Each structure stands twice: as structure tokens, then as C-alpha cells.
Amino acid sequence: MANQEELFRKIISHAKEYGFIFQSSEIYDGLSAVYDYGQYGVELKNNIREYWWKNMVQFNENIVGLDAAIFMHPTVWKASSHVDAFSDPMLDNKDSRKRYRADVLVEDYIAKIEDKINKEVEKARKRFGETFDEKMYLETNPRVVEYKTKITEIKARFFPALDRNDLAEVKKVIEDLEIACPVSGTRNWTDVRQFNLMFATQMGSLSEDASQIYLRPETAQGIFVNFLNVMKTGRMKVPFGIAQTGKAFRNEIVARQFIFRMREFEQMEMQFFIKPGEEMKWYEHWKEKRMEWHLSLGIPASRYRYHDHDKLAHYANAACDIEFEFPFGFKELEGIHSRTDFDLNAHQQYSGKKLQYFDPETNESYVPYVVETSIGLDRTFLAILSFAYTEEKLDDGSERVVLKIPPRIAPVKVAVLPLVKKDGLPEKAREIFDILKTDFYCQYDEKDAIGRRYRRQDAIGTPYCVTIDNITLEDYTVTIRERDSMKQERVDIDALHQLVSEKVRKNLME
RNA sequence: GCGGGAGUAGCUCAGUGGUAGAGCAUCAGCUUCCCAAGCUGAGGGUCGUGGGUUCGAGCCCCAUUUUCCGCUCCA
């Protein structure tokens, strides 16, 4: 385990040192759990996204793409139940580590005062016997009046504060009332926080008439709200899918493990709309298909596993994860969920629009069921990076660090290297570079010894190095070096483009 | 969120109160016809940030921030 932690640290260092991932706003001390992709990171990320997209959209006639906006009507999140699920103001007692809802604490406190009033009434009833006038007593007894006034004051102060989301005032009320934790008995409270994972912002530039909207916490809802549009304009017939990639935002309470859990992250999702009753068939289908996609990247199957959910979310009737063995253990990479008709039904209710499919065979309309595949792009990036990072001891005793990224998704495809920086080799190399660069992301490098340049390319995972030497000038051939084996072969320059194309464009699913 | 550790060059780190360093990396040359650590030279740091103690702080104290580990939470 210590070795694995060590390895993970090395991967993080490597990712920074070679321009894959930087911490956000680093020169300002960074921003917690937010990361930027550097010059090679963005290439790898784009390539993974494109590889997913082609396999989902281009290779499946009944799946189409979508790019819904991050901003959506606030009611979308009411319908999806994201707003209400977890949005109470909460605070923790630092000593007992118990978490309470602020309104519950205050209401309990008010209940205690009411209790005291009742006790006074009971005492008085015993004392005055038959002649006791409860109504009169409640209005005139100084102690009772004091209690009642206090309750009124608390209510007048606390509930408006709750309504206008003034969390500082909410906390101040609790402090002023000297409310203690029932468990620890102390008044050592954290600040009151709104425990909602959604990032809120406002639309409209003047704050007075701006309305609160959210940055989407998942991309799926953008698909559901466009279900009707896509189905009608695309003449889609069930079963069909809508795929989308894009950013999503969650206020994670604990965000850790590098880019594994970030506050801003990217999802690649596909919602597959099906006839009710067929959900298990399609659930199994996508469960299998998605695993095939992962394995096509060439990472050993032993590093993946399914994890079936026992406890299901409110919207699902079957769910599993595809987990990957990261250096910090098996963790979720992708989720496959049978979401029933929960989302479309909810949107149908809230919007008042009929979100149904007319089946011409049965002459009936129904709300389709949905099977979702939802994969984290950043997590896939991390999975590939942690698989690819390799430290090797070579036969001559030296060491090298190489990223064994599948050529199809490697950031730089080809490095073009003149063996030495003279004798016309740089000029020749430039010619070859120009031939390749229109179709492949290439690098030209003439600095330092050839071996050092190979190692530099190994470190960023470039699968092929083309080297120009004296023989090139004579017979128009170059050597091409393969990253993992370090083997070289001599090929005609004329054949180079075709050769590279075969190697880096190969569809891995075949 | 709680507790503990850490933050010095792009990376890994040394520096126990008295003039900020090393290796690797980077850049400019030289050398080199195939796998880094040959040669010469150069650039790069308000020591995470802000306060304090002191004649003097990278070092001591406080706060803050980032990060790591453990616990907790995760609709």
C-alpha cells in the first residue's frame, strides 16, 4: 500500500512536470479540488472524449448527440429532486461531531419554553382549583407572558432569517439563545451551512431582479428536457439514445484524490430511451457494451470490475458501477443505471408537457424508460494515466519513465527528430514534419542527444519517433521507433503517412 | 467537517536565528550517426500568504490558505 501511495504521488508529480495537469489558480495558492489541464492534458482529454463520442454516436445509428447548456431553468432541478433532496441549513457541534438542522434546534428550544408555560399552567391549576381561568392566566401571569414574548421574538427573528438565507443570523440566533448540543452539552458550533451540492448563481445582471439558477450537477437533465425536441426533429424511434459530454459542478464536502473527485468535472453520458418492460434487457446490453469499450483501450481486464448496487437511488430499479483499480484502490469510473421513467415523468408533471412516445405498432403512447450510461471523463483520464505510467529498467542499466498511452488517444502522435543538427538533416526533418502535421499532432525537436529526445517523448507518451539520418538523404527512408518496445524499423518517407495513420487511427473496438 | 503532518527553483529535496543551496529539468553554445545523466555558459526564489517576537526570521509564535494521511459525510 505504501508503494501504491508512492506511485500515486509520482503520477501526480509527473502529470504536473510534463504539462498534463496543474492545480487551478496555482499562483494564488490554488483553489481547492479544482484542476486545469495543461498542453498535453488537454490533448489526451480531447482524444478520450472523441474516442467515446465516435463509439457512442458515430457507431450506433440510433444514438445522436446533444450539447445542452449548463444553465437550465431552475424548475429542472426541482423536478429532478436535486433542490429538495439536501438543502437544509445545517451546523455541527464540534465536540460531539453531531450534525443538526438549524431549524430543528430552534424549534426544539421553542418547544422547551412552551413546556415551561404548560408547567406553570398546571401548577396554577392545582393552586387555584375550580376557580382557575386558564385564558386569563395565560394573558396576565408575568412569567408566562415573559415566555410568550420570548417565543414571539425568536420566531420573528429566526424564520425571516431562514427565509432570506441569512445563515450568519441563523447562527447568531442559536448562539444568543445559548442552545447547547444535547449530546455534548457544549455550545461549540460550526457556522451554519446550506448543505446543497449545487452551485447557485443568478441570471440577470442586476441583483434585485435576478433569479437564482444553478450550475448543473449532472448533464443528464439536459438530455431529458430535450427528449421531445430530439425525438421529433430527429425522427427517432424507440429504442434510441442521446449522448452528451460536458461540465458538471458539485459542491463536494470532501474533495480529494487529485482529479478523482473535483468540484468542476466532465461527464460523458448517454440516455437510452426504451419501451417499458425492456429495461433489464437493455441494462444488461449496455453493461456489457460499456465494459467492452473500456477493455478496448488495452488495459488488462483484471483492473476493472463491476459493482452492483444493493441500495438503489430513488430513481433507479437497477444500477451498477464499472470500477477501475486506481493506485488508491477500486473506485467508480462509470455508472450504468436503469432509471425507469422517473425523470421523464417528473418533467412531464412539472412542465405540463406530454413527454411520450407514440408506438405505431401498438397504437399506444407511453413514457419511455431510460437506461443511462454515465462515465467520468476526468476519472477515465486518471485511469489511463495511472495505467500508462511506467518506470522501466533497461538492459544497459539505465532507467526510463514512459507513458504507455494507447496510440489512438496519445497527445502527440509523432515526434520528428533530425539525428544531428547539421548536414541538412533539420531541413529534411522539417519537410517530413510538414507532411505529417496536417493530420497528426506532431512535434519537431532537434535539441540534445537523440537518446535524450527519445526519453522526452516517452515521458509524454508519444507512440512514434521518426528519425532522419544520413541515409535519409541518400534513399529517402527514415527510421520509425515504437515507444513501448523501443524497436526501430526503416521505412520509405512516402509510406510514412499511411503507416502512422494505420497505427494511430485504428479503431480499438474492432 | 474534525484531528495530525507538510508547503524552500519546473521536479525531488537540503538548509535549527546571522549573505538562500544541490541534483535533475529548462535555455544558448560545443560535441555526438540511434536510446538521458559529456563540456562551457545562462536564466529561474519577495522560502504558500498575512501578522507578530527579535538588532536580525526560510527557521520561533498566531492566523489564513493549499495539500497529504486518518476519521466523518457523500441525495
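Please read these numbers as outputs of a predicted model, since none were measured by experiment. Residue numbers begin at 1 in each chain, while the letters A, B, ... track the order of the sequences. Values reported hereafter were calculated over all heavy atoms of this structure, with side chains retained and with hydrogens, waters and symmetry mates removed.
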* Let me see the working for A:Thr219 and A:Gln267 under side-chain hydrogen bond (donor to acceptor under 3.5 Å, both in side chains), right down to the final yes or no. => CA-CA 7 Å; A:Thr219 52; A:Gln267 294 183 306; 3.3 Å; yes

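- For B:U31, the OP1/OP2 oxygens have no side-chain nitrogen or oxygen of A:Lys421 closer than 4.0 Å.
- Summarising the geometry of A:Val371 relative to A:Ile274, their closest heavy-atom pair is CG2-CD1, 3.8 Å, with the distance given to 0.1 Å.
- Among the heavy atoms of the strands lying under 4.0 Å from A:Glu399 is at least one base atom, whether or not backbone atoms are also near.
- Taking atom P on both B:C62 and B:G3, the two are 14 Å apart, rounded to the nearest angstrom.
- Contact check on A:Arg400 versus A:Glu392 returns a salt bridge, with a Lys/Arg side-chain nitrogen under 4.0 Å from an Asp/Glu carboxylate oxygen.
- Pairing for B:C35 is absent, with no Watson-Crick or G-U wobble pair whose two atom distances lie under 3.5 Å.
- The base-pairing partner of B:A57, taking Watson-Crick or G-U wobble contacts with both distances under 3.5 Å, does not exist among the strands shown.
- Taking atom P on both B:G1 and B:G58, the two are 31 Å apart, rounded to the nearest angstrom.
- A perpendicular orientation is assigned to the rings of A:Phe258 and A:Phe8, their planes being inclined by more than 60° (bins at 30° and 60°).
- Summarising the base pairing, B:A28 is matched to B:U40 through a Watson-Crick or G-U wobble pair whose two defining distances lie under 3.5 Å.
- Note on A:Arg456: only backbone sugar-phosphate atoms sit closer than 4.0 angstrom, heavy atoms only; bases stay farther off.
- Counting distance only, with no hydrogens placed and no angle test, the side-chain atoms of A:Arg455 and the base atoms of B:A36 include a donor-acceptor pair under 3.5 Å.
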* Please assess A:Phe324 against A:Phe387 for the test ring-ring contact (aromatic ring centres under 6.0 Å, His included), listing each intermediate value before the final yes or no. => CA-CA 10 Å; A:Phe324 180 79; A:Phe387 160 75; 7.9 Å; no

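- Comparing the same atom, P, in B:G15 and in B:G21 gives a spacing of 16 Å after rounding to whole Å.
- Among the atoms of the strands shown, none is found under 4.0 Å from any heavy atom of A:Lys487.
- Pair assignment for B:C71 gives B:G1, based on Watson-Crick or G-U wobble hydrogen-bonding distances that are each under 3.5 Å.
- Taking atom C1' in both B:G17 and B:A57, one finds a spacing of 7 Å when rounded to whole Å.
- Heavy atoms of A:Ser13 sit under 4.0 angstrom from primed sugar atoms or phosphate atoms, though from no base atom.
- Taking the P atom of each, B:A6 and B:C59 are spaced 14 Å apart, rounded to whole Å.
- Comparing B:G56 with B:C13, their C1' atoms are spaced 27 Å from each other, to the whole Å.
- One donor-acceptor pair, N or O on each side, does fall under 3.5 Å between the base of B:C34 and the side chain of A:Asp469.
- Among the protein residues, A:Leu419 comes within range of the nucleic acid bases, having at least one heavy atom under 4.0 Å from a base atom.
- One cannot find a donor-acceptor pair under 3.5 Å joining the base of B:C34 and the side-chain atoms of A:Arg481.
- Distances shorter than 4.0 Å separate some side-chain N or O of A:Ser32 from OP1 or OP2 on B:U67.
- For the pair A:Leu473 and A:Lys16, both in contact range of RNA chain B, the more 5′-proximal nearest nucleotide belongs to A:Lys16.
- Checking B:A20 for Watson-Crick or G-U wobble geometry (two distances, each under 3.5 Å) identifies no partner in any strand.
- Look at B:U64: its Watson-Crick or wobble partner, with both distances under 3.5 angstrom, is B:G48.
- When the shell of 6.0 Å around CZ of A:Phe71 is examined, it contains 12 or fewer heavy atoms from other residues, nucleotides or ligands.
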